[in-house]
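Written out below as structure tokens is the structure these notes cover.
Just so we're on the same page: letters track the sequence lines, and every chain starts at 1.
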Amino acid sequence: MNNFKTEIISWYSANKRSLPWRETSEPYCIWLSEIMSQQTRIEQSLPYYLKFIDAYPTIFHLAEAKEDEVLKLWQGLGYYSRARNLHATAKYIAYELNGKFPDNYNDLLKLKGVGDYTASAIASICFNEPAPVVDGNVYRVLSRYFGVDIPINSTKGIKYFKTLAKELIDHEQPGEYNQGIMEFGARQCKPQSPDCNICPLNESCVALQKKMVALLPVKIKKGKIKHRHFNYLIINNDEKTILEQRTANDIWKNLYEFPLIEDKHELTEEQIIKHDIFKKYIPHNKFSIHLYNNDKIVHKLSHQYIHTKFWIVNLQTKIENGIEKKQLNEYPVPILIANFVEEFSF
DNA sequence: AAACCGGGGCT
DNA sequence: AGCCCAGGTTT
């Protein structure tokens with residue numbers, strides 16, 4: 001036990017990457033970096049962190065922003081509820097708490113978008129509280145080192161590893177230990193083909209002794225992929241097009257997209273032009289329509305495949321409630337839409 | 001307890 | 001094609 005925490009901190013001090021949020025213990029910076037890094041590789045979140053710190057140097061700057069601006073800066077990072085909760089929490093801390101960031105695990109846990117992991121990370125890094133983090137890296141390191149085959153995404157597993165992590169954390173340097181075990185999992189005890197020959201813990205690693213490294217951690221499989229068919233209407237005249245905001249509790253909530261006809265099945269041109277949603281936008285006969293993408297576009301999310309058709313609908317008539325095409329790039333949109341806008345010459 | 005919520009990188 | 005990523009919220 002003692003050996004484990006000592007080796008982790010020692011390995012971390014010799015191998016840690018240089019990251020901007022490792023140069024500070026400002027709760028605002030640590031919070032921002034942690035939210036952005038949820039279920040996201042550091043290499044992917046890093047440029048977003050730099051953009052946000054540049055645009056919003058303090059929590060007050062973030063609190064004063066419009067949600068659309070925050071979502072636009074977040075565009076491409078995914079899991080957009082993180083951005084909405086980030087903004088709501090910034091306003092809460094700035095205006096309700098007068099800018100004073102909660103300074104302990106229990107109070108941090110009350111913030112929107114902050115769960116057990118993030119509250120522990122901020123509490124340990126910023127306030128030296130011995131709250132253990134258990135992220136994907138920690139599950140992997142502990143399950144291998146101690147040879148635990150309880151599924152990490154079962155209720156029993158979540159409790160077991162949290163308890164184990166509590167016993168292991170260094171009470172003198174909880175922040176360094178927490179970051180150390182995560183970095184160790186990310187770079188030494190990697191998911192695939194870790195080089196156990198150069199691992200400082202290889203002599204006491206149970207999984208290595210039992211040749212179980214590749215089999216751990218154990219994870220329960222999730223359900224299979226759902227297929228959806230999206231038909232976007234690119235309604236054009238010389239100046240304008242139409243965008244709508246997604247407001248339902250569904251993917252891409254509060255982001256923008258072209259008028260959408262969704263169906264369980266693939267739709268043909270005939271089915272599109274007689275669809276109620278199409279008629280709502282185009283109540284007359286003065287239009288021409290053609291399919292933009294001849295080859296299939298399948299946008300893949302974790303548990304959904306979005307089969308997409310972009311229908312170009314050209315009009316001579318005036319467009320009500322449209323937006324200038326030049327302003328298209330100002331709206332936060334899913335990557336699926338952003339890719340189309342970039343490729344299509346408006 | 002299970003489902004839902006993105007996008008990218010690697011094998 | 002499948003898995004993983006400095007997880008959290010909702011049902």
Side-chain angles (χ1 to χ4, degrees), chain A residues 12 16-17 19 21-22 30-49 71 74-86 88-89 108-122 124-125 131-141 151-159 161-162 165 175 177-187 189-194 214-226 228 246 248-255 298-306 332-339:
Chain A
Y12 181 55
K16 70 174 174 183
R17 287 168 288 186
L19 296 169
W21 52 83
R22 286 183 176 161
I30 301 302
W31 167 65
L32 180 59
S33 73
E34 292 297 344
I35 299 294
M36 286 184 160
S37 300
Q38 289 167 359
Q39 291 292 286
T40 307
R41 291 168 200 284
I42 297 301
E43 304 80 44
Q44 190 185 358
S45 62
L46 179 53
Y48 286 85
Y49 175 83
L71 286 171
W74 197 275
Q75 181 178 307
L77 197 53
Y79 284 148
Y80 296 93
S81 67
R82 291 184 295 170
R84 299 192 307 269
N85 287 333
L86 182 84
T89 293
L108 287 161
L109 196 54
K110 296 173 186 167
L111 302 175
K112 277 188 184 177
V114 175
D116 178 70
Y117 163 80
T118 305
S120 299
I122 300 171
S124 63
I125 295 170
V133 294
V134 185
D135 75 331
N137 294 305
V138 175
Y139 280 123
R140 186 168 54 257
V141 172
I152 60 172
N153 55 345
S154 65
T155 304
K156 186 178 172 186
I158 292 167
K159 279 181 61 180
F161 285 101
K162 183 72 179 180
Y177 169 82
N178 274 340
Q179 295 184 80
I181 189 172
M182 289 191 284
E183 187 88 333
F184 183 79
R187 295 164 66 80
C189 198
K190 302 182 293 185
Q192 300 294 329
S193 325
L215 302 177
L216 295 173
V218 174
K219 196 170 181 178
I220 300 166
K221 304 268 190 285
K222 290 299 183 184
K224 48 177 248 215
I225 291 184
K226 181 164 120 191
R228 302 168 74 174
R246 293 179 68 87
N249 283 323
D250 191 4
I251 57 170
W252 305 327
K253 183 177 179 183
N254 288 14
L255 273 65
V298 185
H299 187 73
K300 296 179 178 181
L301 306 180
S302 296
H303 297 293
Q304 295 184 32
Y305 282 6
I306 311 294
V333 297
I335 286 300
L336 173 64
I337 301 295
N339 288 344

(message) Measuring from atom NZ of A:K110 to atom OG1 of A:T89, what distance do you get when rounded to the nearest 0.5 angstrom?
(response) 13.5 Å
(message) Please give the distance between the P atoms of B:dC4 and C:dA6 as a whole number of Å.
(response) 25 Å
(request) Quickly work out the A:Y117 OH to C:dG8 C1' distance and round it to whole Å. (result) 13 Å
(request) With DNA chain B as reference, determine whether A:K222 or A:Q38 sits nearer its 5' end, using the nearest nucleotide of each. (result) A:K222
(message) Nearest to the A:Q304 side chain among C:dA6, B:dC5, C:dG7, which nucleotide is it?
(response) B:dC5
(request) Would you indicate what A:K226 reaches in the nucleic acid, counting non-hydrogen atoms under 4.0 angstrom: base, sugar-phosphate, or nothing? (result) nothing
(message) Run A:W252 and A:Y80 through side-chain contact (heavy atoms from CB on, under 4.5 Å) and show every step you take.
(response) CA-CA 7 Å; A:W252 305 327; A:Y80 296 93; 3.9 Å; yes
(request) Considering just the side-chain nitrogens and oxygens of A:Q39, establish if one lies under 4.0 Å of OP1 or OP2 belonging to C:dG7. (result) yes
(message) Can you measure A:I225 atom CD1 to C:dG2 atom P for me and round it to whole angstrom units?
(response) 7 Å
(request) Measure the distance from OH on A:Y139 to C1' on C:dC3 and round it to the nearest whole Å. (result) 17 Å
(request) Look at the side chain of A:R82 against the base of B:dC5 and say whether a donor-acceptor pair falls under 3.5 Å; ignore hydrogens and angles. (result) no
(request) Drop me the distance from A:T118's OG1 to A:L111's CG, to the nearest 0.5 angstrom. (result) 10.0 Å
(message) If I take atom CG in residue A:L301 and atom C1' in nucleotide B:dG6, what distance separates them, rounded to the nearest angstrom?
(response) 6 Å
(request) Look at all strands and tell whether A:L77 reaches a base, only sugar-phosphate, or nothing, counting heavy atoms closer than 4.0 Å. (result) base
(message) Any non-hydrogen side-chain atom of A:I306 less than 4.5 Å from a side-chain atom of A:I251?
(response) yes
(request) Round to a whole Å and report the spacing from CH2 of A:W31 to P of C:dG8. (result) 14 Å
(request) Counting heavy atoms from C-beta on, name the nucleotide in B:dG7, B:dC5, C:dA6 closest to the side chain of A:D250. (result) B:dC5
(message) What is the separation between atom CD1 on A:I337 and atom P on B:dG6, rounded to the nearest whole Å?
(response) 14 Å
(request) Could you tell me the separation between the CZ atom of A:R187 and the C1' atom of C:dA6, rounded to a whole number of Å? (result) 14 Å
(request) Among the candidates B:dG8, C:dA1, C:dC4, find the nucleotide nearest to the side-chain atoms of A:R140. (result) C:dC4
(message) For a quick check, tell me whether the side chain of A:S302 and the base of B:dG7 share a donor-acceptor pair closer than 3.5 Å.
(response) yes
(message) If I take atom CG in residue A:L46 and atom P in nucleotide B:dG7, what distance separates them, rounded to the nearest angstrom?
(response) 20 Å
(request) Could you verify whether a donor N or O on one side chain and an acceptor N or O on the other, from A:S45 and A:S37, lie under 3.5 Å apart? (result) yes
(request) Check step by step if side-chain hydrogen bond (donor to acceptor under 3.5 Å, both in side chains) holds for A:Q38 and A:Y117. (result) CA-CA 9 Å; A:Q38 289 167 359; A:Y117 163 80; over 6 Å; no
(message) As a test of reading the structure: which of B:dG8, C:dG7, B:dG6 is closest to the side chain of A:I335, going by heavy atoms?
(response) B:dG8
(message) With hydrogens left out and only the distance checked, is there a donor-acceptor pair under 3.5 Å joining A:T40's side chain and the base of B:dG8?
(response) no
(request) Name the closest nucleotide to the A:Y80 side chain, picking from C:dA6, C:dG7, B:dG6. (result) B:dG6
(request) Look at the side chain of A:Y79 against the base of B:dG6 and say whether a donor-acceptor pair falls under 3.5 Å; ignore hydrogens and angles. (result) yes
(request) Assign each of A:K253 and A:S154 to its nearest nucleotide of DNA chain B by heavy atoms, then name whichever residue's nucleotide is nearer the 5' end. (result) A:S154
(request) Compare the minimum distances between each of C:dA6, C:dG7, B:dC5 and the side chain of A:L19, then state the nucleotide with the smallest one. (result) C:dA6
